[in-house]
Amino acid sequence: MSFGLHSAVDPSGPQAARIAQLWWLMFWVSAGVFVAVTAFLFVALFRSAVSRQRTAGRAEAQRRTGAVVGGASIVTALIIVGLLLVDVSTTRALATAPAAAPLRIEVVGHQWWWEVHYPDETPSQAVTTANEIHIPVGRPVALELTSRDVIHSFWVPSLQGKRDLIPGHVNTAWLQADVPGLFHGQCAEFCGAQHAHMAFLIVAEPERSFSAWLADQRRPATAPASADETQGQAVFLSLPCALCHTVRGTSAWGQNGPDLTHLASRRQLAAGTLPNTHGDLAECLMDPHRVKPGVKMPPTPVESGLQALLAYLESLR
Amino acid sequence: MAFRPCLGLLLFAAGGTILLGSCRRETRRLQENPLAGARAEGIRVGQLQPGPKVSVPDTGTPYEANAYAISEGQRLYNWFNCVGCHAHGGGAIGPPLMDDVWIYGSEPANIFASIVEGRPNGMPAFRGKIADYQVWQIVAYVRSLAGLEPTSATPARDDHLQPKRKKSP
């Protein structure tokens, strides 16, 4: 059974599998309790008036009622304590560092997008991207989560539970994908007007294609090849764009918006709001407030330079 | 007997309606026109002028006493690195913004011109680099640093320095 990219009952990693186990255990226990309680309710409702009158007031009947109520209370307490124990052991397992050497990824939450760093011992080899996290299949990933403005929450239901991103504090979470594929993530803590449009993608791929992707992301931006792209780059650098966005290899190194060095290699725009197509990119540039009302990016009067700018941005593979 | 709870409910509704009136404080525009706000072209810096007195048109900011704009201005003040030179109003290699000294004028249009045109000795010109409505938001925040915006619109508790409040303007 397939539940799509975003499902806690369709786990694709060991952490999500533990959570799904806990969920199904709670589901079946609750279902059993519900059936039992309903059964007792029906017995009480449909017991004949005759048998009720016959047993009323007898000492033996009172003792039996006491035993039933007392027994039910004890069973309830045992079930709750049992579920608590399973819950604590699941939470401990989720918080335990895996044995294998993990891949470290830093995620910074912003209103309303995700900044993603792949740190490296050599600073020039570190990679910065946004809203799309590539991970190798079968290798544990250590996420270091923080926020630049308000509290956000990192949630990929198919891989892991929720973990908050708190300004001025680094939270850690582990996750691992056992199968290659796309997984949808979403901010799970209300963070402002565009909280619903703060999504991201996790791309789990075999180690080899992951390494190739990482090597590709390390490159500075492709130099403009055609006259159109050259003009587009000039437009980009002359407009307010460069004050917030970085294109590595150019003089644009603003740190307030997503890194655009390899924008065209990403699948989605505006933190999972739109697919990365020509038309949607144009809409994001011309009127971002229509796509995401309240977004921090100001509308930019590009006018005649739009097509050149689009050509340049689409060359940033 | 039945009259009492009815009266209570009525009083509650009336009180609630009156309270609702206090909710509306200012307009919070989520969709901005990039060209909004009149450009403060050729704003005068000094008071002196030759010849007969010319009345200067009043160029207020579109964000006077607007709490949302002031908080947005605070964010942009950090984003565009005003902090780098002016610190959080106390000044560093740039002049302080929270005192009473205004070299180029304290009117919104003066501050707008300072940001957009730049000033000698190090203030860069941000013309074309920051959308006009965002410059006006920064103007509102800079004025709030010096206590020129009403206290009803400025944050009650600022994370940074705060000047002594003047008597409410």
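Lettering follows sequence order; numbering is per chain, from 1.
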Atom pair CG (N78(B)) and CZ (R148(A)), whose distance is rounded to the nearest 0.5 Å
8.5 Å

C244(A) portion near chain B, given a 4.5 angstrom heavy-atom threshold
side chain

If you look at every heavy atom in L243(A) and F126(B), which pair is closest and at what distance?
CD2-CD2, 4.4 Å

Taking every heavy atom of P240(A) against every heavy atom of K129(B), the minimum-distance pair comes out as CB-O, 3.0 Å

Closest non-hydrogen atom pair between K296(A) and Q134(B), with its separation
O-NE2, 3.8 Å

